[in-house]
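Just below is one structure, and these are the notes that go with it.
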Number of protein chains: 2
Amino acid sequence: MPEKYRNLHIKLTPQRLAILSYLNGNRTHPSAEDIYKAVQKQYPTMSFATVYNTLEALKEKGNIRELKLDSAKKRYDPDNTPHHHLICVKCNEIVDIHWAFELSLPDKTVQGFELIGNHIEFYGICRKCKK
Amino acid sequence: MPEKYRNLHIKLTPQRLAILSYLNGNRTHPSAEDIYKAVQKQYPTMSFATVYNTLEALKEKGNIRELKLDSAKKRYDPDNTPHHHLICVKCNEIVDIHWAFELSLPDKTVQGFELIGNHIEFYGICRKCKK
DNA sequence: TATTTGACAAGAATCATTCTCATGTGATAA
DNA sequence: TTATCACATGAGAATGATTCTTGTCAAATA
């Protein structure tokens, strides 16, 4: 069992390990379907229920982030260090932006909200789609 | 016909005017269903097709923005001036943040993307949900 | 007037996601 | 060891937002 999964405190079944192994180091920000298809090669009986249940558990533990950048489907990011995203408006490719910004807000603009965090979406056209 | 709709260049039917009138000045970032319910009071035969068609047309003309902040459904913002959003992680209330930020990126981080724009999501807990 | 164009509305279709439920399995208690 | 419990799995049904289809209608134009 990889060191990084030690503190997950969820039952690590073979299916869950396969999902974790697919996510580990993955920079493609896969959807549930991407994960399902990939893991199904190894576990032909894998069901979407298991994929979604596992993603939900990982999300709760803070191991992955759910992205709303793609309006057609949720996508997941296994990199839980703070970072932002750049998305191609044509093909929906997502790349990570590891660059810090100072984003403080004047009190009067937050209307009594207790601020928790932020996330920047950059929009653009990727190299492939420009051609 | 209100001045601001002059340059829309779409056919302004009664149904569309009702939708525009509901959106005009609306700061609640309504979903398609919110719009449907509101306009249905005036036009009982209103259908979702008309709501979605109209929203699509308005989006194309740059009159409204489609928001992806709420993963359960698309929400629409009739304010087309540049601004960011603050969303309550509990009730999904969205408020506008009219505050400008300098968000330039070093070339090496954009991986050949042609940058178009950006949008910041601030997360927090609203006054009501804090109680 | 005849024709064309595009909007409307009802409902069907699609599709991502969630739910249900029967079954299985590993851990723990007796 | 055996019984019980908690929870994961998987097949498929259900849900619900959005999109599509199709027939009808009305305004605009020739």
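In the text below, chain A, chain B and the rest are named by the order of the sequence lines, each starting its count at 1.
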Against the side chain of T13(B), the closest entry in dA9(C), dC8(C), dT9(D) is dC8(C)
5' to 3', nucleotides 15-30 of chain D under a 4.0 Å protein heavy-atom cut-off (B base, S sugar-phosphate only, - none) gives --SBBB----------
Taking the inter-plane angle between the rings of F122(B) and F101(B) on a 0 to 90° scale, is it parallel (under 30°), tilted (30 to 60°) or perpendicular (over 60°)?
tilted
Quick one: does R27(A)'s side chain get under 4.5 Å of D79(A)'s, heavy atoms only?
yes
Between dA9(C) and T45(B), is there an OP1 or OP2 to side-chain N/O distance shorter than 4.0 Å?
yes
In this structure, how many angstroms lie between the C1' atom of dA6(D) and the NE2 atom of H9(A), rounded?
18 Å
Send over the distance from L58(B) CG to dA7(C) P, rounded to a whole Å.
12 Å
Between N80(B) and G62(B), the two heavy atoms sitting closest are ND2-O, 3.3 Å
Provide, to the nearest angstrom, the distance between the CE atom belonging to M46(B) and the P atom belonging to dC8(C).
7 Å
What is the distance, to the nearest angstrom, from the CD atom on Q15(A) to the P atom on dC7(D)?
18 Å
What closest approach, in Å, do H119(A) and L69(A) show between heavy atoms, and which atom pair accounts for it?
CE1-CD2, 4.0 Å
Between dG11(C) atom C1' and N53(B) atom CG, what is the distance in whole Å?
14 Å
Y43(A) OH to dA11(D) P, straight-line distance once rounded to whole Å:
15 Å
To the nearest Å, give me how far apart OH (Y36(A)) and C1' (dT9(D)) are.
13 Å
S21(B) side chain to N24(B) side chain, donor-acceptor N/O pair below 3.5 angstrom:
no
Within the 4.5 Å heavy-atom criterion, are H85(A) and R65(A) side-chain neighbours or not?
yes
